[in-house]
Protein chains: 2
Amino acid sequence: MSPKHNPNQCPMESILGQIMGPWTPYILWLLSNENSLRFGELAARIPDISAKVLTDRLRKLEASGLVHRDYQPTVPPTVYYSLTTRGSELHGVLQGLNEVALRWDEEDRLTADDRKIAAE
Amino acid sequence: MSPKHNPNQCPMESILGQIMGPWTPYILWLLSNENSLRFGELAARIPDISAKVLTDRLRKLEASGLVHRDYQPTVPPTVYYSLTTRGSELHGVLQGLNEVALRWDEEDRLTADDRKIAAE
DNA sequence: GCAAGTAGTTACCTAATGGTAAGTATTGAG
DNA sequence: CTCAATACTTACCATTAGGTAACTACTTGC
């Protein structure tokens, strides 16, 4: 994160340090709904994310013990990602977040429509 | 955020762009529990945050319509921050997040204790 | 005339982040 | 002999974010 931003004794900041960052909560949300996704499937569901960043996120989540990586040495290789037990404890939070996100999105689109109508 | 990371049609990413970043969810959590805090009170409750970053976060939250800023031109000035209606809709999510954070923190401290005992 | 107290702002610097593009490994298919 | 497919890795670059520290404004009180 930042050079000096340490998750100093504050549990909230500690968890945020693990979850936060562009795409990360979204990755968790996808995994929490599908229970297992391959690298390419994740990439396809997350528009515009680069392989580099996706790998980075998954590695960090794995290091925090939130995501499990299952590498099958087939040819070509197959890698399944899924939530660990701890990772799946975030489901409720992510669901709540998603509900709010959808609600606000709808509200914002409605008021945007109002503006368009008013401008006519 | 990043030069190209646009909240591209994805409601989840859009809300994350507003909430995310070091300290931000914690600020919202504090405001959601105290319903009104002054700048200095916030700073006191958030160890190690700098005035610059705190100001920045509050300005951004204000711009997103999540936080209300009430400036009283007294001498010295007094500024109260509180959640807007929309901001307070995050209470449930933040509470869930905090519960998980406290639980994990406790679990981690327990296993840390185990390691200490085992090392004796 | 100077310090105190609140809520910032400003300047400057460094480290980390993310993007792009190209490369890697492996093996079966054509 | 080369391509295709998957899951990355690496190198390089530009931008950004955050940290520190000093400075501002305004009035009261000593």
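Chain letters run A, B, ... following the sequence lines, proteins first, then strands; residues in each count from 1.
Across the helix from C:dG1-D:dC30 to C:dG30-D:dC1, the helix axis at one end is tilted relative to the axis at the other end by 30° (nearest 10 degrees, each axis from five pairs).
By the side-chain hydrogen bond (donor to acceptor under 3.5 Å, both in side chains) test, B:E106 is found to be paired with no residue, residues two or more places apart in sequence or in another chain being considered. Residues satisfying the side chain to side chain contact (heavy atoms under 4.5 Å, CB included) criterion with B:T111, sequence neighbours excluded, are B:R115. Applying the salt bridge (Lys or Arg N to Asp or Glu O under 4.0 Å) criterion to B:E107, with sequence neighbours excluded, gives A:R86.
B:S88 places no side-chain N or O within donor-acceptor distance of the main-chain N or O of B:L83, the cut-off being under 3.5 Å. With A:S64 contributing its side chain and A:L66 its backbone, the two residues share no donor-acceptor pair below 3.5 Å. Within the 3.5 Å criterion, the main-chain N or O of B:C10 finds no donor-acceptor partner in the side chain of B:S14. For the pair B:S36 (side chain) and B:Y80 (backbone), a donor-acceptor distance under 3.5 Å is absent. A donor-acceptor pair under 3.5 Å is absent between the side-chain atoms of B:R57 and the main chain of B:G21, judged by distance alone.
The distance between atom CG of A:D70 and atom P of D:dC8, rounded to the nearest whole Å, is 11 Å. The CZ-C1' distance, from B:R57 to D:dT16, rounds to 12 Å in whole Å. One interatomic measurement links the two molecules: OH of A:Y80 to C1' of D:dT6, which rounds to 12 Å at whole-angstrom precision. One interatomic measurement links the two molecules: CD of A:E62 to P of D:dC8, which rounds to 9 Å at whole-angstrom precision. Whole-Å rounding puts the A:L54 CG to C:dT17 C1' distance at 16 Å. Residue B:D48 contributes atom CG, which lies 8 Å from atom P of D:dT20 at whole-angstrom precision. For B:L58 and C:dA7, the CG to C1' distance is 11 Å, given to the nearest whole Å. Atom P of nucleotide D:dC8 and atom OH of A:Y71 are separated by 8 Å, given to the nearest angstrom.
Of the candidate nucleotides D:dG18, C:dG19, D:dT9, C:dG19 has the atom nearest to the side chain of A:V53. Distances were taken from every side-chain heavy atom of A:K60 (C-beta onward) to each of C:dT9, D:dC8, C:dT17; the shortest belongs to C:dT17.
At the phosphate of D:dC8, neither OP1 nor OP2 sits under 4.0 Å from any side-chain N or O atom of A:T55. Side-chain N/O atoms of A:R59 include one lying less than 4.0 angstrom from OP1 or OP2 on D:dC8.
Contacts with DNA chain C (heavy atom under 4.0 Å) in residues 33-44 of chain B: B:R38, B:F39, B:G40, listed by number.
A donor-acceptor contact closer than 3.5 angstrom is absent between the side chains of A:H68 and A:S82. Side-chain contact of A:W29 with A:Q95: a donor-acceptor pair under 3.5 Å is absent, judged by distance alone.
Taking a cutoff of 4.0 Å between a charged side-chain nitrogen and a carboxylate oxygen, B:D105 and B:R109 qualify as a salt bridge.
Taking the six-membered ring for Trp and thresholds of 30 and 60 degrees, A:F39 and A:Y81 have ring planes inclined between 30 and 60 degrees apart.
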Reading nucleotides 21-30 of chain D from 5' to 3' and marking B where a protein heavy atom lies under 4.0 Å of the base, S where only the sugar-phosphate is that close, and - otherwise, the string is -----BB---
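Within 4.0 Å of A:T78, counting heavy atoms only, lie sugar-phosphate atoms of the nucleic acid but no base atom.
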